[in-house]
Novice: 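Dumping the structure here so I can ask a few things about it.
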2 protein chains.
Amino acid sequence: MVHSLTEENYLKAILSLSNENGQVNVNHLSKHLSIKMPTVTAMMKKLHSKKLVQYEAYKPLKLTDKGKKVAALVVRKHRLTEMFLVEKMGFGWEEVHDIAEQIEHIQSTEFFNKMDELLGFPKLDPHGSPIPDKHGKMVWKEYAKLSDCKKGDRVKLTAVINTSEDFLKLLNNKGLHLGSVLTIKAVEAFDGSMVVSYEKHTSETLSQVVCDRIRVEII
Amino acid sequence: MVHSLTEENYLKAILSLSNENGQVNVNHLSKHLSIKMPTVTAMMKKLHSKKLVQYEAYKPLKLTDKGKKVAALVVRKHRLTEMFLVEKMGFGWEEVHDIAEQIEHIQSTEFFNKMDELLGFPKLDPHGSPIPDKHGKMVWKEYAKLSDCKKGDRVKLTAVINTSEDFLKLLNNKGLHLGSVLTIKAVEAFDGSMVVSYEKHTSETLSQVVCDRIRVEII
DNA sequence: TTATTTTGTTAGATGACACTAACAATATAC
DNA sequence: GTATATTGTTAGTGTCATCTAACAAAATAA
Ligand SMILES: [Mn+2]
Ligand SMILES: [Mn+2]
Ligand SMILES: [Mn+2]
Ligand SMILES: [Mn+2]
């Protein structure tokens, strides 16, 4: 069966909210999608009747296995697209999310399989997030938040948890990218900001909001 | 202003019908799009109110200059996409139309400009049709129909007027492609079929329906 | 020139997806 | 444990793009 662009966006949103927050309710979803709650409720009933979502009034939302798979396959198309745009078309990692948000709804398995092949079957997208396989299987390697690290830690930047243009441009401006190796020189108790050094940068300050969205491997 | 996918498809259809048939009426459009006439009438009123189509009840349909430009820019996106799929992604010319039909509606000028650049600003798509420029300007070089040629003519295949998978597979099966140089050995008066030779093929028969859809340059 | 066929319009309905207003249930604060 | 705030549902509307049924105009044939 094929699903509408709208349905795909709802399913993807539920998957991503449940990955980051655990529970998902109508209100979260409503805010995340900028769609009013009554509309969300109506769509949940529809997706429930299609057996994509477990929905009971006033209870938290859950994807069924079927719904999880559909959502993961949309995520696959999104992340393959972002990778293709960066690796094969020369876009910056800060430019690709909005385009991928549209292309993820193209209906053509050959198109995405060709991307996959041309990219050499990548495991991660340009922001360090895992690309689900053809069956919707996704392996999330558990990384640490930069904001949870301590003074003196040496860490490698492995993923970013926000793909907005503004956030990624900030990282570009500071010369930070996936693979950057940082040393934490100080953690400010007052505002949670960190002073770090990496490559040619001997002392850069990152605010807590920024550190919260950066994932690292401690090395 | 931005136009819906549906509106874009109507505008493109009017442009392409007026290029091939001269006049366009509600009935043609209805058949071309497989959409019932009352729906087409309603959309013509809407596009008229947006000043994209000149519409008066019972009169033939005409694009305004504004409508022509919008339509041509959709055609540009379609043809750039087809070219990109063939040249950069390794698809066959028979596989790309349906994918391009979807991707032509992606909203991102940078995406299509990047394609254009990576392709080296091509003038023609994989089927020999001209790619409109950024302003919607399209130059149609006037080619002859193969079916209008005479016995003894030597011609170069320059374009195909149908991009259905079945038609292009037939050409693939006969080893015909853009650039093939054919010699017309016979024209059958009975059914309009032609016997031609080219490359390693000393004698192939092409039916009139096929010859009608092939454009050539006489050399 | 009248009859028939083809083409086009109007009217009314539907499904998908959004909204606001009003009310109801659940969670939190006092 | 009641009061308040938050979250969620129901009911009723609206827009977009589609449809069918019925009728009307224009083109074609007899
Ligand atoms: Mn993204
Ligand atoms: Mn999307
Ligand atoms: Mn095409
Ligand atoms: Mn299209």
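Chain letters run A, B, ... following the sequence lines, proteins first and then strands; every chain starts at 1. Since the model is a prediction, treat every value here as computed from it, not as a measurement.
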Novice: What is the distance, to the nearest angstrom, from the CD atom on B/Gln23 to the P atom on C/dT6?
Specialist: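 Between P of C/dT6 and CD of B/Gln23: 19 Å.
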
Novice: In whole Å, what is the span from the CG atom of A/Asn27 to the C1' atom of D/dT6?
Specialist: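 Rounded to the whole Å, the gap is 8 Å.
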
Novice: For residues 98-105 of chain B, which residues have at least one heavy atom under 4.0 Å from DNA chain C?
Specialist: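 Result for residues 98-105 of chain B: none.
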
Novice: Report yes or no: do A/His78 and A/Asp125 form a side-chain donor-acceptor pair below 3.5 Å?
Specialist: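 Short answer, no.
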
Novice: Among side-chain atoms of A/Ser164 and A/Asn162, is any donor-acceptor pair under 3.5 angstrom?
Specialist: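 There is such a pair (donor and acceptor under 3.5 Å, judged by atom type) between the side chains of A/Ser164 and A/Asn162.
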
Novice: Atom CD of B/Glu56 and atom P of C/dT9: how far apart are they, to the nearest Å?
Specialist: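 Going from CD in B/Glu56 over to P in C/dT9 covers 11 Å.
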
Novice: Over 60° means perpendicular and under 30° means parallel, so classify the ring planes of A/His127 and A/Trp93, tilted if in between.
Specialist: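 Aromatic pair A/Trp93/A/His127 classed parallel.
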
Novice: Scan side-chain atoms only and decide if B/Asn173 and B/Lys169 contain a donor-acceptor pair under the 3.5 Å cut-off.
Specialist: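 Per modelled atom types, B/Asn173 and B/Lys169 side chains form no pair under 3.5 Å.
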
Novice: 5'-most contact on DNA chain C: B/Ala42 or B/Lys31, nearest heavy atom basis?
Specialist: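 Taking each residue's closest nucleotide, the earlier one in sequence belongs to B/Lys31.
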
Novice: Please give, in whole Å, the distance from C/dG8 P to B/Met44 CE?
Specialist: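 Rounded to the whole Å, the gap is 12 Å.
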
Novice: Under a 4.5 Å cut-off applied to non-hydrogen side-chain atoms, are B/Phe121 and B/Asp133 in contact?
Specialist: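 B/Phe121 does not reach B/Asp133 side chain to side chain.
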
Novice: Nearest heavy-atom pair of A/Arg76 and A/Asp116: which atoms, and what distance?
Specialist: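 So the two residues come closest at NH2-OD2, 3.1 Å.
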
Novice: Taking only the side-chain nitrogens and oxygens of B/Thr41, find out if one of them lies under 4.0 Å from OP1 or OP2 of C/dG8.
Specialist: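 So the side chain of B/Thr41 is outside the cut-off, no N or O lying under 4.0 Å from OP1 or OP2 of C/dG8.
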
Novice: Tell me which residues in residues 67-75 of chain A lie within less than 4.0 Å of DNA chain D, going by non-hydrogen atoms.
Specialist: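 Residues of residues 67-75 of chain A that come under 4.0 Å of DNA chain D do not exist, since none gets that close.
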
Novice: Just wondering, do A/Met43 and A/Glu7 contact through their side chains at under 4.5 Å, heavy atoms?
Specialist: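 Yes. Closest side-chain heavy atoms under 4.5 Å.
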
Novice: Expressed as a whole number of angstroms, how long is the span from B/Lys45:NZ to D/dC16:C1'?
Specialist: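 Atom NZ in B/Lys45 sits about 16 Å away from atom C1' in D/dC16.
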
Novice: Could you state the atom-to-atom distance from CD of B/Glu8 to C1' of D/dC16 in whole Å?
Specialist: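 Rounding to the nearest Å, CD of B/Glu8 and C1' of D/dC16 are 16 Å apart.
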
Novice: Measure the acute angle between the ring planes of A/Phe84 and B/Phe84, then classify it against the limits of 30° and 60° as parallel, tilted or perpendicular.
Specialist: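 Judged by the thresholds at 30° and 60°, the geometry between A/Phe84 and B/Phe84 is perpendicular.
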
Novice: Are there more than 12 heavy atoms of other residues, nucleotides or ligands under 6.0 Å from atom NZ of B/Lys50?
Specialist: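 Result for NZ/B/Lys50: enclosed.
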
Novice: Tell me, yes or no, whether the heavy-atom count around B/Lys174 atom NZ, taken from other residues, nucleotides or ligands under 6.0 Å, exceeds 12.
Specialist: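 Atom NZ in B/Lys174 is packed in, count exceeds 12.
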
Novice: Begin from the C-alpha positions of B/Phe167 and B/Ile214 and carry the test side-chain contact (heavy atoms from CB on, under 4.5 Å) through to its verdict.
Specialist: CA-CA 10 Å; B/Phe167 174 64; B/Ile214 291 177; 4.2 Å; yes

Novice: Could you tell me whether B/Lys59 contacts a base, only the sugar-phosphate backbone, or nothing, with contacts defined as non-hydrogen atoms closer than 4.0 Å?
Specialist: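 It contacts nothing in the nucleic acid.
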
Novice: How does each nucleotide of nucleotides 16-27 of chain C score, in 5' to 3' order, for protein heavy atoms under 4.0 Å: base (B), sugar-phosphate only (S), or none (-)?
Specialist: SSBBBB---S--

Novice: Is the phosphate of C/dG8 approached by B/Asn25 (side-chain N or O, under 4.0 Å from OP1 or OP2)?
Specialist: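 Yes, within the criterion.
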
